[in-house]
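In what follows, a single structure is set out as structure tokens and then discussed.
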Amino acid sequence: MDTFQSLLAKKLSDALARAGLPDAGELTQATDPRFGDYQTNAALVLGKQRGENPRALAKKIVPHLDVDDVSEPPAVAGAGFINFKLRPAAIEKQALDVLRNGRLGVPETESPQRIVIDFGSPNVAKPMHVGHIRSTVLGDALARVAVFLGHEVIRDNHIGDWGTQFGMVIWGWKNLLDRKALQRDPLAEIVRIYKQTNEGASRDPEVREAGRQELVKLQAGDKENTDIWNECVAFSMQDFERVYKLLDVHYDLQCGESFYHDWLPGVVDRLLKAGVAEISEGAVVVFFRDDPELTDKPLIIRKRDGGFNYATTDLATIDYRVNDLKADAIWYVVGAPQTLHFKQIFAVTRREGYSTDLRHIVFGSVLGEDRKLMKTRSGENVPLRELLEEACRRARKIIDEKNPDLGEEEKNDIAEKIGIGAVKYADLSQYRTTDYIFSWDKMLLLHGNTAPYLQNAYVRIRSIFRKAGELDGFKLSSLPSFKLSELAERNLAKRLCQFAEIVPQVLTGFRPNILANYLFELANSFHAFYESCPVLKSDEPARSSRLALSDLTARVLQRGLDLLGIKVPERM
RNA sequence: GCGCCCGUAGCUCAACUGGACAGAGCGUUGGCCUCCGGAGCCAAAGGUUGUGGGUUCGACCCCCGCCGGGCGCACCA
């Protein structure tokens, strides 16, 4: 089905053709309600192209616009904008179409792709910390939106399970391990031995060398070291899984760096043979002499000592994703510090002739209240699991105050939905590339642009329907058409119709925050409607129409929040 | 030194990638509960978009120069 936007855009194209003008400009939601509901700058763009007066062009276009069924007569305004104001009858009809449409009117993409999304990527032998939250939450949301729009998505957790740190971990395991501590809290013990070994290595060259030897043995396939490595990976994965369960994040694939280990020599050989890479100062290096930005930034793919680094691994990973997984696109949801790295990697693959659509989706950092990278008091990274559990605890405390009569089990369930939702929403509602300051108080606020505010709007609607069921056994299947007599009703209905216009935009520019902002405005519109239009106490046909409007709001809220990976409670 | 990102109300952030008088929330001030959940609604005050130029019908957005902050630049991932 068409949205208002796509419908008006088509009608605009037709009108331009009839007026003997080329297609130009765009048709968008109005920037301000006083201009109407939709607007086009076609006349302005054409005016510039042809050196003609924009207002005169607009006046020439308007008579050719056949929009009588949806819009009041279009008006020329300002420098040459053409404004459209929707007719109430058109809103009623469109809202009904959306209500009956299983996808809430959201169109499927016309060019479905197979997309590998690389996000999360924690390191083994370290707990996940706040630094991982944006990648994980953002990547998951983008995956959900892409799936909903009809793409085939492979969520891949590129776990850091093969770094040089393993030499240290294995040496520590053999020399410092406390078995009892390992049983109590495996990951904490692994972190302890790693840190202690690291400190030892920085003082004592012999320890460092011993660690290096353990790494060499591991990479050569030594049985004992491989077993230790496997155990460390398994313990880490347990920690990750707990976090993923809390976050409701799931992967289709968890191919860590170790997965690509055997292919690295082949990658280097191939690039050497193809003349893409060359030997320089004993290392194998790719130079980008024709690229002014990278000309003085060579990429090492084999170190002087013969070892490979993560650039090599990333190249092998692209091979796998393109050749075996048949990816049309690969999205890397990875922090901004790696911008240069990905530019280099992408440049290499272009030189090799890959046509895959590679995107580095950067994001800003999570800062503490002091505007520095968020750390604990002692300067450590904040473990993600503890942060999430704290969010749930704080949510639980609020529920105890607001709604003490709920059962224990339900309270915990709600607390999890609110606490986790608040953390995710604080992240996703922000523009992707800006750093943001993590604040418990602001995040769990019950009003303002927060997850609890949106969840509350949903809960109020559910409450209406519980009551409706008690009163007269109301059933949604018997819905009549919309009758939107009040301004607040029409505003809400228009907003609901816009969901279909907003969702596809999330992927152009990878901006879940526009969906978050839309949902916030939707909740605003609903609350305004709720205040001024009684639902259950009104007479027919308004009553049924308002119930339908409420139902549709609940469904859009639920679906929209689901696309952000946020759950809604029935009560809170 | 070179490159990338950032600077918007007291605070935290938007602004649909060049559109109309730069919008929200928090906080502040003032209203609204005989009414479906007040975890709500309505309203007011608050701005030279870091700064100086430029491009054009039109600039928070693009270009150039400053100021201030963050990050990255050959063998860590």
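Everything numeric in this text was worked out from a predicted model, so none of it was measured. Below, chain A is the first sequence line, B the second, and so on; all start at residue 1.
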Which residues pass the side chain to side chain contact (heavy atoms under 4.5 Å, CB included) test with [X], not counting sequence neighbours?
X	value
A:Cys392	A:Glu416, A:Ile420
A:Asn403	A:Leu406
A:Phe510	A:Leu142, A:Trp331, A:Arg359, A:Ile361, A:Arg432
A:Lys567	A:Asp248, A:Lys417

What string of B, S and - do you get for nucleotides 4-15 of chain B, 5' to 3', when a contact is any protein heavy atom under 4.0 Å? -------SSSSS

How does each nucleotide of nucleotides 72-77 of chain B score, in 5' to 3' order, for protein heavy atoms under 4.0 Å: base (B), sugar-phosphate only (S), or none (-)? SSBBSB

Counting only side-chain N and O atoms of A:Asn524, is one of them less than 4.0 Å from OP1 or OP2 of B:rC41?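 For B:rC41, OP1/OP2 do have a side-chain N/O of A:Asn524 under 4.0 Å.
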
Taking the six-membered ring for Trp, are A:Phe363 and A:Phe119 closer than 6.0 Å centroid to centroid?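 Centroid separation for A:Phe363 and A:Phe119: 6.0 Å or greater.
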
Those residues of residues 40-59 of chain A lying under 4.0 Å from RNA chain B by at least one heavy atom: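 When residues 40-59 of chain A is checked for heavy atoms under 4.0 Å from RNA chain B, the hits, listed by number, are A:Asn41, A:Leu44, A:Lys48.
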
Nearest-nucleotide 5' precedence on RNA chain B, A:Ala523 against A:Ile82: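 Its nearest nucleotide being more 5', the pick is A:Ile82.
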
Rounding to an integer number of angstrom, what distance separates [N] and [M] when you compare their [atom1] atoms?
N	M	atom1	value
B:rA59	B:rG18	C1'	7 Å
B:rC16	B:rC6	P	14 Å
B:rC57	B:rA39	C1'	48 Å

So which protein nitrogen or oxygen atoms get under 3.5 Å of nucleotides 33-37 of chain B's nitrogens or oxygens?
| from | atom 1 | to | atom 2 | distance (Å) |
| --- | --- | --- | --- | --- |
| B:rC35 | O3' | A:Lys537 | NZ | 3.2 |
| B:rC35 | O2' | A:Lys537 | NZ | 2.3 |
| B:rC36 | O2 | A:Val535 | N | 3.3 |
| B:rC36 | O2 | A:Leu536 | N | 2.9 |
| B:rC36 | N3 | A:Val535 | N | 2.9 |
| B:rC36 | N4 | A:Tyr530 | O | 2.4 |
| B:rC36 | N4 | A:Cys533 | O | 3.0 |
| B:rG37 | OP1 | A:Ser463 | OG | 2.7 |
| B:rG37 | O2' | A:Arg460 | NE | 2.7 |
| B:rG37 | N7 | A:Ser463 | OG | 3.3 |
| B:rG37 | O6 | A:Met572 | N | 3.4 |
| B:rG37 | N1 | A:Met572 | O | 3.0 |

What pairs of residues pass the side-chain hydrogen bond (donor to acceptor under 3.5 Å, both in side chains) test when at least one of them lies in residues 518-528 of chain A, not counting sequence neighbours?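 Qualifying pairs: A:Tyr453-A:Asn524, A:Tyr453-A:His527, A:Arg460-A:His527, A:Arg495-A:Glu521, A:Arg495-A:Ser525.
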
Consecutive Watson-Crick or G-U pairs in runs of at least 3, all under 3.5 Å, in which RNA chain B is involved: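 Only these stems qualify: B:1-5 with B:69-73, B:10-13 with B:23-26, B:28-32 with B:40-44, B:50-54 with B:62-66.
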
Those residues that, when tested against A:Lys85, pass salt bridge (Lys or Arg N to Asp or Glu O under 4.0 Å) (two or more places apart):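 Testing A:Lys85 for salt bridge (Lys or Arg N to Asp or Glu O under 4.0 Å), a comparison that skips the adjacent residues, returns none.
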
Donor-acceptor pairs under 3.5 Å, side chain of residues 74-83 of chain A to any protein atom, not counting sequence neighbours: which ones?
| from | atom 1 | to | atom 2 | distance (Å) |
| --- | --- | --- | --- | --- |
| A:Asn83 | ND2 | A:Phe35 | O | 3.4 |

When you check the glycosidic angle of B:rC61, does it come out syn, meaning within 90° of 0, or anti?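 What B:rC61 shows is an anti base, its glycosidic angle lying more than 90° from 0.
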
